[in-house]
Engineer: 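Mind looking over this structure? Questions follow.
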Protein chains: 2
Amino acid sequence: MPMPRWAILPAMGRTILIYAAALAATVLLLEWLQYRFWARELGIEMLVGLVGLGCVCLGIWVGMRLTRRSDPAPFTRNEAAIRSLGLTPRELDVLEALVGGESNKTMARDLGVSPNTVKTHLARLFGKLDVTSRVQAIETARSLRLIPAPGDSDRTIARPDG
Amino acid sequence: MPMPRWAILPAMGRTILIYAAALAATVLLLEWLQYRFWARELGIEMLVGLVGLGCVCLGIWVGMRLTRRSDPAPFTRNEAAIRSLGLTPRELDVLEALVGGESNKTMARDLGVSPNTVKTHLARLFGKLDVTSRVQAIETARSLRLIPAPGDSDRTIARPDG
DNA sequence: CCTGTCGTCACCCGATCGGGTGATTTTGCC
DNA sequence: GGCAAAATCACCCGATCGGGTGACGACAGG
């Protein structure tokens with residue numbers, strides 16, 4: 001399941017608080033500068049225009065902050081899904097080794113166990129993920145965010161028509 | 001429909017024009033409302049505050065418009081890589097069917113051919129991609145942007161150059 | 001102590017895969 | 001028509017995979 005939408009609200013709330021503080025500071029700054037003097041000197045229209053201009057810049061900055069992508073997508077492993085599926089640490093090791101596309105024999109050598117053990121872990125993994133093939137296991141694991149998807153952690157971009 | 005990158009610039013310019021028009025309209029509206037009266041009634045502080053609030057909202061809206069991503073990563077298929085590898089259309093069909101994690105028999109049924117044909121296409125595909133397993137073929141194809149990776153938009157963009 | 005879970009390994013067996021060779025038909029192009 | 005590429009299908013064969021069962025030791029928890 002994807003990250004709930006409301007999870008970004010704290011960040012937005014913090015930004016809004018920062019903005020509110022900046023606004024209050026601006027108002028106090030104007031008061032401190034005895035803006036009434038400036039109002040008499042420049043005229044109310046000019047004062048309102050200047051304030052509006054400043055507030056527009058502030059709003060643009062806030063708007064950009066609000067819509068900025070939480071950029072790196074740091075890939076947080078879905079521990080809840082792991083627990084609900086009952087995946088053991090060793091099964092996760094096999095799952096991570098699975099994405100390399102190697103054979104059971106090679107994975108066994110990498111993990112330092114027997115190919116039969118890898119087969120056992122894989123069989124249980126397939127059962128828990130409710131899949132029947134290695135490729136489906138990888139796809140399902142990625143959709144459940146058990147393992148990082150391509151472009152999630154390492155940003156290796158091969159540009160088309162290179 | 002192809003959407004060149006520079007095409008978003010007019011959209012931004014349009015947005016800026018809309019913002020400028022809205023600002024002018026607001027100023028005129030204030031003038032029309034004889035804001036001097038409101039300034040005397042509410043006090044300059046309140047007037048400035050209201051104008052600032054309105055302009056901040058306007059600025060936030062503009063900021064959000066300016067930083068809105070234009071369809072992030074529409075996934076352009078790497079036709080150059082396809083050509084350089086010598087991949088035939090049918091081999092690409094098999095490659096796309098491969099990501100589903102189905103067996104050769106199922107892919108053959110989906111493609112309307114014999115399992116032996118799928119095996120032949122797969123063998124040539126493995127040779128051209130220089131891999132030895134289905135999973136490696138998918139990983140390599142994704143890294144070469146022959147097929148969309150999870151997280152990429154599923155809409156394929158037609159490129160002018162064949 | 002007993003039970004449950006986990007990790008490890010073994011064996012069997014059928015299905016599938018990967019690799020190779022060969023053949024035929026279709027398609028597009030000169 | 002001739003040619004080349006592509007697509008199709010068949011067969012063989014060894015390797016691997018997927019599924020199932022059984023077993024053993026370690027280890028935590030009641």
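All figures in this text were calculated on a predicted structure; none of them were measured in a lab. A note on names: the letters A, B, ... follow the listed sequences, proteins ahead of strands, and every chain is numbered from 1.
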Engineer: According to a strict under-4.0 Å criterion, is B:R134 in side-chain N/O contact with OP1 or OP2 of C:dG18?
Structural biologist: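 True: B:R134 side-chain N/O within range (under 4.0 Å) of C:dG18 OP1/OP2.
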
Engineer: Picking from D:dG18, C:dG7, D:dA10, which would you name as closest to the side chain of A:R90?
Structural biologist: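 Nearest listed nucleotide: C:dG7.
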
Engineer: Grab the CD-P distance between A:E91 and C:dG7 for me, whole Å please.
Structural biologist: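 One finds 6 Å between P of C:dG7 and CD of A:E91, rounded.
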
Engineer: Contact class for B:P89 (heavy atom, under 4.0 Å): base, sugar-phosphate, or nothing?
Structural biologist: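 Sugar-phosphate contact only.
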
Engineer: Decide yes or no for A:T117 and A:L111: does some side-chain heavy atom of the first lie under 4.5 Å from some side-chain heavy atom of the second?
Structural biologist: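 With C-beta onward as the side chain, the pair stays apart.
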
Engineer: Identify whether any heavy atom of B:T117 sits under 4.0 Å from a base atom; if not, whether one sits that close to sugar-phosphate; answer base, sugar-phosphate or nothing.
Structural biologist: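 Base contact.
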
Engineer: Taking only side-chain N and O atoms of B:T88, does any of them lie within less than 4.0 angstrom of OP1 or OP2 on D:dA5?
Structural biologist: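 So the side-chain polar atoms of B:T88 never come under 4.0 Å of the phosphate oxygens OP1 or OP2 of D:dA5.
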
Engineer: Is there a side-chain contact between A:L129 and A:L144, using heavy atoms and a 4.5 Å cut-off?
Structural biologist: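 Of all side-chain heavy-atom pairs linking A:L144 with A:L129, at least one is under 4.5 Å.
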
Engineer: Expressed in angstrom and rounded to an integer, what is the separation of B:R124 atom CZ from D:dT8 atom C1'?
Structural biologist: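 Roughly 9 Å, once rounded to whole Å.
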
Engineer: Does the base of C:dC17 carry an N or O that pairs as donor and acceptor with the side chain of B:S103 under 3.5 Å?
Structural biologist: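 No.
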
Engineer: Rounded to the nearest Å, what distance is computed from the CG atom of residue A:N116 to the P atom of nucleotide D:dG19?
Structural biologist: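 In whole Å, D:dG19 P lies 16 Å from A:N116 CG.
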
Engineer: So, does A:K119 get its side chain near the phosphate of D:dG18, meaning an N or O under 4.0 Å from OP1 or OP2?
Structural biologist: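 For A:K119, the contact criterion (side-chain N or O under 4.0 Å from OP1 or OP2 of D:dG18) is not met.
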
Engineer: Going by the side chain to side chain contact (heavy atoms under 4.5 Å, CB included) test, name the single residue among A:L122, A:L125, A:T140 that passes it with A:L95.
Structural biologist: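 Considering A:L122, A:L125, A:T140, a side chain to side chain contact (heavy atoms under 4.5 Å, CB included) with A:L95 is found only for A:L125.
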
Engineer: Does any N or O in the side chain of B:R145 come within less than 3.5 Å of the main-chain N or O of B:R77, such that one atom is a donor and the other an acceptor?
Structural biologist: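 Judged by distance alone, no pair lies under 3.5 Å.
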
Engineer: Go through C:dT8, C:dG18, C:dG7 for me and flag the one nearest to the B:L122 side chain.
Structural biologist: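 Selected nucleotide (nearest to the side chain): C:dG18.
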
Engineer: Name the nucleic acid region contacted by B:S133, choosing base, sugar-phosphate or nothing; use a 4.0 angstrom heavy-atom cut-off, strictly under.
Structural biologist: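 If one applies the 4.0 Å heavy-atom cut-off, B:S133 turns out to touch the sugar-phosphate alone, with no base involved.
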
Engineer: So that I can tick it off, tell me whether B:E139 and A:R134 are bridged by a salt bridge, with the cut-off set at under 4.0 angstrom between side-chain N and carboxylate O.
Structural biologist: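 Salt bridge between A:R134 and B:E139, a charged N being under 4.0 Å from a carboxylate O: no.
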
Engineer: So, is B:S114 near the phosphate of D:dA10, with a side-chain N or O under 4.0 Å from OP1 or OP2?
Structural biologist: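 Yes.
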
Engineer: Quick one: is D:dT8 close enough that its OP1 or OP2 comes under 4.0 Å of any side-chain N or O from B:H121?
Structural biologist: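 So the side chain of B:H121 is within the cut-off, an N or O lying under 4.0 Å from OP1 or OP2 of D:dT8.
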
Engineer: Under 4.5 Å between any side-chain heavy atoms of B:V113 and B:R90, yes or no?
Structural biologist: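 Yes. Closest side-chain heavy atoms under 4.5 Å.
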
Engineer: Would you mind classifying the nucleic acid contact of A:T120 as base, sugar-phosphate or nothing, using non-hydrogen atoms under 4.0 angstrom?
Structural biologist: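 Base contact - A:T120 has a heavy atom under 4.0 Å of at least one base atom.
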
Engineer: Let me know the distance between CG of A:D93 and P of C:dG7, rounded to the nearest Å.
Structural biologist: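 Result: 9 Å.
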
Engineer: Between A:L111 and B:V131, who's closer to the 5' end of DNA chain C by nearest nucleotide?
Structural biologist: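 The residue whose closest nucleotide sits nearer the 5' end is A:L111.
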
Engineer: Find the distance B:Q136:CD to C:dG18:P and express it as a whole number of Å.
Structural biologist: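 About 10 Å, once rounded to whole Å.
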
Engineer: Nearest whole angstrom, please: distance from the C1' of D:dA6 to the NZ of B:K128.
Structural biologist: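 Spelled out: NZ on B:K128 to C1' on D:dA6 is 9 Å.
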
Engineer: Rounding to an integer number of Å, can you tell me how far A:L87 CG sits from C:dG7 C1'?
Structural biologist: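 Going from A:L87 (CG) to C:dG7 (C1'), I get 15 Å.
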
Engineer: Would you mind reading off the distance between B:K105 atom NZ and D:dA10 atom P, rounded to a whole angstrom?
Structural biologist: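 The distance from NZ of B:K105 to P of D:dA10 comes to 14 Å, rounded to the nearest Å.
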
Engineer: Quick one: is B:N104 getting a side-chain N or O under 4.0 Å of the C:dT16 phosphate, OP1 or OP2?
Structural biologist: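 Indeed not, no polar side-chain atom of B:N104 lies that close.
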
Engineer: If you assign A:E102 and B:P115 each to the DNA chain D nucleotide with the nearest heavy atom, which residue ends up on the more 5' nucleotide?
Structural biologist: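 Its nearest nucleotide lies further toward 5', so the answer is B:P115.
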
